[in-house]
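Beneath this line is the structure, given in structure tokens, with notes to follow.
Indexing begins at 1, ligand by ligand and atom by atom, following the structure's order.
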Amino acid sequence: MSMQRSFNNGNAPSIESSRIAHSIGTALDRFIKNNQDQFAYASGELSQLLRDIALASKVVNREVNKAGLIDLMGAVGSQNLAGDDQQKLDVLANIRFTRALAKGGEVCALISEESDTYVDLNNEGKYVIAIDPLDGSSNIDVNVSIGTIFSIYRRKSPAGTPIQPSDILQKGSDQVAAGYVLYGSSTMLVYTTGHGVNGFTYEPTLGEYFLSHPQLKMPEDGKIYSINEGLANSFSAPVQAYIQYCKDRQYTARYIGSLVADFHRNMLKGGIYIYPATAKSPNGKLRLMYECNALAFVAEQAGGSATNGKDRILDIEVKELHQRTAFYVGSKNMVEKAESLG
Ligand code: AFP
């Protein structure tokens, strides 16, 4: 068959090329380039920053995939500020992302779960990033899905001047982009720049992310609830009432203990993830700056909702880097129902 026939350039072909070779979709690089003019400050730096994150995630993905083979499982023997045992892969992922962002030069300050204070990168950089380099680390050693979560802000002070608290402690509603990487049965990068949510699946033999989930929408309702029910005795009465509400309707309980994985499933299928205040964590367990804000932005952009059980997550004032919050995120109607019992 001639090239002309198979690619439909001339007369109508009898066999379409798409039936012989499935289209593999738009590569992430091309997608970012094609959509660059959507950004308020379209100078190309935010595009480059997204590429840096994608590149670092590919390196982390490689390491996650061979963790069992090269002694990357297990704890380092230290704890991060939140008191969690640091795993080798936590530390490694933090190094990979920090290095990639430092090299890129677009970021002036990095806030990470793994660092007590923010890290100065390039003072000329126009962006601030908050990142959980490897979330769900208790799942590393047992080959269960884990993720990376990131939020990107534009700095408020002029580039080249000393970084101010107002550059660092920005509200979720100030995010210019946010997303996550899910290291699961396949690896996906999902992000938003405030113009909907797009998901890209990693093709390891080509070493590239391809658009697989354009303009993701979260179902308005769902039948999946994700909560650590083992802690139920210390949940407030309204949270217990909502769990009972789910049970009365025979909803499905699904809880991985990796926020990214639970969130991603609920976004695709319709569901709610709740991590409420508990006796052990009276302000909630999850971190506002590098876990909740990013997913709240993605959720809202996909038509979902994210609150602390009362207030919108993106409106919460940030007072400290490692601030915790209760987190209700998922299908709009489910979050509303859970809140209505409060
Ligand atoms: P780690 O990264 O320390 O494992 O924390 C994971 C996490 O922040 C989030 O991804 C999970 O949904 C949640 O904590 C699990 O917490 P519980 O183990 O208390 O249910």
**Asked** Does ligand 1 have a heavy atom under 4.0 Å from the side chain of L286, from its backbone, from both, or from neither?
**Response** side chain

**Request:** Please state which part of N228 comes within less than 4.0 Å of ligand 1, counting heavy atoms only: side chain, backbone, both or neither.
**Result:** side chain

**Asked** Are any of the heavy atoms in D135 under 4.0 Å away from ligand 1?
**Response** yes

**Contact check: G136 vs ligand 1, nitrogen or oxygen atoms, below 3.5 angstrom** = yes

**Request:** Give the numbers and elements of all ligand 1 atoms closer than 4.0 Å to a heavy atom of Y255.
**Result:** 12 (O), 13 (C), 15 (C), 16 (O), 17 (P), 20 (O)

**Prompt:** Judged by modelled atom types alone, do N293 and S151 share a side-chain donor-acceptor pair under 3.5 Å?
**Reply:** no

**Request:** Determine whether the side chains of E203 and T205 contain a donor N or O and an acceptor N or O closer than 3.5 Å.
**Result:** yes

**Asked** Just by modelled atom types, is the I224 backbone N or O under 3.5 Å from a matching donor or acceptor in the T252 side chain?
**Response** no

**Request:** Scan side-chain atoms only and decide if S57 and Y183 contain a donor-acceptor pair under the 3.5 Å cut-off.
**Result:** no

**Winner among K285, E113, E291, K280 once heavy atoms are compared against atom 18 (O) of ligand 1** = K285

**Asked** Taking non-hydrogen atoms only, is S137 closer than 4.0 angstrom to ligand 1 via side chain, backbone, both or neither?
**Response** both

**Asked** Any idea which atoms of ligand 1 are less than 4.0 Å away from a heavy-atom of L259?
**Response** 9 (C), 10 (O), 11 (C), 12 (O)

**Message:** Evaluate F150 against F97 for ring pair (Phe, Tyr, Trp, His ring centres under 6.0 Å), listing each step before the verdict.
**Reply:** CA-CA 10 Å; F150 61 91; F97 279 101; 8.1 Å; no

**Prompt:** With a cut-off of under 6.0 Å to the ring centre and 45° to the axis, is R154 in cation-pi contact with Y127?
**Reply:** yes

**Fill in**
ligand 1 to S258, heavy atom cutoff 4.0 Å, flagged ligand atoms 10 (O)

**Item:** Under 4.0 Å to a heavy atom of Y273 - the qualifying atoms of ligand 1, by number
**Value:** 11 (C), 12 (O), 13 (C)

**Request:** Using distance alone, with no hydrogens and no angle criterion, decide if N35 and T193 have a side-chain donor and acceptor under 3.5 Å apart.
**Result:** no

